[in-house]
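Remember, it's a predicted structure, so these values are computed and weren't measured experimentally. Proteins come first, then strands; the chains are lettered A, B, ... in the order of their sequence lines, and each starts at number 1.
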There are 2 protein chains.
Amino acid sequence: MIQVTKPFIPDRKTLDKYLDGICERAWLTNNGPLVQELTQRLEDYLGVQNLLLVANGTLALQVAYKALGVEDEAVTTPFTFAATPGSMKWQGITPHFADIDPNTLNLDPSQAEKAITERTQALVPVHVYGNACDHDSFQDIASRYNLPLIYDASHAFGVQYKGESLLSCGDAATLSFHATKLFHTVEGGGIVFKNRDDLERARSMINFGQSPETPNDIASVGINAKMSELHAAMGLATLDSIDQIITQRAALIQEYHHCLKGHVEFPQRRGSENGAYMPILLASEEQASAVDSSLQQAGIRPRHYFSPALHETTTYGNDDACPVASDIADRILCLPLYPELTTHQVKWVCEHVCKNL
Amino acid sequence: MIQVTKPFIPDRKTLDKYLDGICERAWLTNNGPLVQELTQRLEDYLGVQNLLLVANGTLALQVAYKALGVEDEAVTTPFTFAATPGSMKWQGITPHFADIDPNTLNLDPSQAEKAITERTQALVPVHVYGNACDHDSFQDIASRYNLPLIYDASHAFGVQYKGESLLSCGDAATLSFHATKLFHTVEGGGIVFKNRDDLERARSMINFGQSPETPNDIASVGINAKMSELHAAMGLATLDSIDQIITQRAALIQEYHHCLKGHVEFPQRRGSENGAYMPILLASEEQASAVDSSLQQAGIRPRHYFSPALHETTTYGNDDACPVASDIADRILCLPLYPELTTHQVKWVCEHVCKNL
């Protein structure tokens, strides 16, 4: 059986060393030394400032909205994981969907601008598959309408764009460190804020609104969105291997592209390849379905990632028309991708894809 | 230095055995086998049904409100941790505070009833220090006003009340398994639902609203509130020692009561003693402050738990008058309590308390 992905398990001795420290200190959570160390090491590795680690990637989005004062409506893409609109609607923000660019599969800036209403309080584009959004255009719109620009950068760990980290774009960029991601902390997430003030507000919010400056008061609304020391330990042990992980995944993507070029479409890439996903676009819904069935029969588990487009779901559906997203969602497949996968297996997967075209 | 609490660290070999399994399976989260095992073992140990494990105790409250349709106002106590109103306000629910009973320090049912308005959609009493609320009265009010009754039972792990688990009371009872709790999963929480339907709705909500029954749709709003396998491993290893933990903590409480009886007041206990906290009430704010200073100087760290009363904070303050809660918050101290504490240390703490009375 070849799954679409497989969590990376770091060297056990490295992990145990961190666990020894946790047990010795009996400091298990609440901004412990490993969370602090991971924050510093990730800021250095990613080339960013003002990183706040949190319990998971959905909470990263929820805290970013709250820290930036987003409460009413936000414009986003329907071609994303359910966490993007879910994080909004859970806390009373209405997601308003605009259509995507058929080449990059990211939110189309011109469509996003058309979707802005008087109630819009943020733009929330997603760097789908780690593929950089058209940041210059989004920044221009955000500035003209005076809206916070929050990127769901769950897939964009380590992506470089125009000479800097893609995570430095926007007022906030949120990361997911879920077990299935190329860098993970089992469950976890992060927010890179442009401004230090927003970071500090968010830091209080993830710890019940408590702040060292006002010990006898609750200065802001807050919940618990803290990353634990155990999860930080997994992150630190994984970070030791991150260059190797990205190199291996990127090489597998090259192999896929080599085998499938001319047979299927690939989304147009913007920014460096971080090896996050291996998406292909089939010619039609029928072809995508046939390829999927054939792969499943061979014990290969691709994923219709993302399908259905979220403007067509019961929970998030509304009158927003996004025909490009609907079409893409019908034709997309993500193929298996994880470091242990061999080039032989990749070729085998590609054979099964091609024989159904 | 004697802290107010110290996280329990389970036997390392037991913990390692669980970690071996996690690494071998490479199944790190998403309702894995250890989360399933912990759910079953906790249901058996606690004597409850319909338990859902989640990422932390605040998310337990947030998911309970959402699963039970609470969106507008809820009546609760101001004498609680900031997580209780924080979990509400974060997702748009207005906490409306009613005063507490001066003996049990729990929400006073008659005050709660007076606080009900047309907008009230739930009663959210807290079993403070694991001390059972007056459930019969709350159930009566909830039935008469047709309101869901949601207990914040963060402190009430293992409490028996009128011959059954206190967690069986209410439409939902939420638990915190934070590292500082007597039973913990590092970070974690749980919800005990009265009805199976509510459990299943919540199960979908903690996994992005996805449901196996509707694979091509998002059937409900959802976020990520899943407990990881690593955290479940810590819970399983801790659960092996839970009877010993509770016995040791309860014995220390007895020792405290023996030493301090006649010198300070204790909240009146309802339900079995689970050894969660060691609260004392001093005669005045001045006396509480003097005792605190003296203990701090001796390297003992008690906690003003809970102070300030939340109706007096910037974030949650409003016109609700709760004079009893205000008075209690000024006079309360929680003394150090954890299994490793010796009776000798307890006597020493008590001496420092008594010499300031």
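The contact between B:Leu310 and chain A is made entirely by side chain atoms (from C-beta outward), counting heavy-atom distances below 4.5 Å. If you measure heavy-atom distances from A:Thr58 to chain B, the contacts under 4.5 Å come from the side chain alone. For A:Ile9, the part sitting under 4.5 Å from any heavy atom of chain B is the side chain, from C-beta outward, and nothing else. Using a 4.5 Å cut-off between heavy atoms, B:Gln62 contacts chain A through both its backbone and its side chain. Heavy atoms of B:Leu59 lying under 4.5 Å from chain A belong exclusively to its side chain. Looking at A:Ala55, neither its backbone nor its side chain comes within 4.5 Å of chain B, counting heavy atoms on both sides.
A donor-acceptor pair shorter than 3.5 Å cannot be found between the side chains of B:Asn216 and A:His304.
Between B:Thr29 and A:Ala179 the shortest heavy-atom distance is CG2-CB, 4.0 Å. When all heavy atoms of A:Val186 and B:Ser228 are compared, the pair lying nearest together is CG1-CB, 3.5 Å. For the residue pair B:Gly222 and A:Tyr316, the shortest heavy atom distance occurs at N-OH, 3.6 Å.
A:His231 and B:His231 have parallel rings, their planes meeting at less than 30° on a 0 to 90° scale where 60° marks the start of perpendicular.
For chain A, the option among B:Gly57, B:Ala225, B:Pro308 with the highest count of heavy-atom pairs below 4.5 Å is B:Pro308. Between chain A and the options B:Met227, B:Lys6, B:His178, heavy-atom pairs under 4.5 Å are most frequent for B:His178. By number of non-hydrogen pairs under 4.5 angstrom with chain A, the leading residue of B:Cys23, B:Gly92, B:Ala82 is B:Cys23. When the candidates A:Ile93, A:Ile22, A:Asp20 are compared by the number of heavy-atom contacts under 4.5 Å with chain B, A:Asp20 comes out ahead.
Looking at B:Lys66, its side chain does come within 3.5 Å of a backbone N or O of A:Trp90 through a donor-acceptor pair.
In this structure, the side chains of A:Leu230 and B:Glu187 stay at 4.5 Å or more apart for every pair of heavy atoms. Counting only heavy atoms from C-beta outward, the side chains of B:Leu19 and A:Leu19 approach each other to under 4.5 Å. A heavy-atom distance below 4.5 Å is not found between the side chains of B:Ile223 and A:Asn56.
Atom-to-atom distance recorded for A:Ile218:CD1 and B:Thr315:OG1 is 7.0 Å, nearest 0.5 angstrom.
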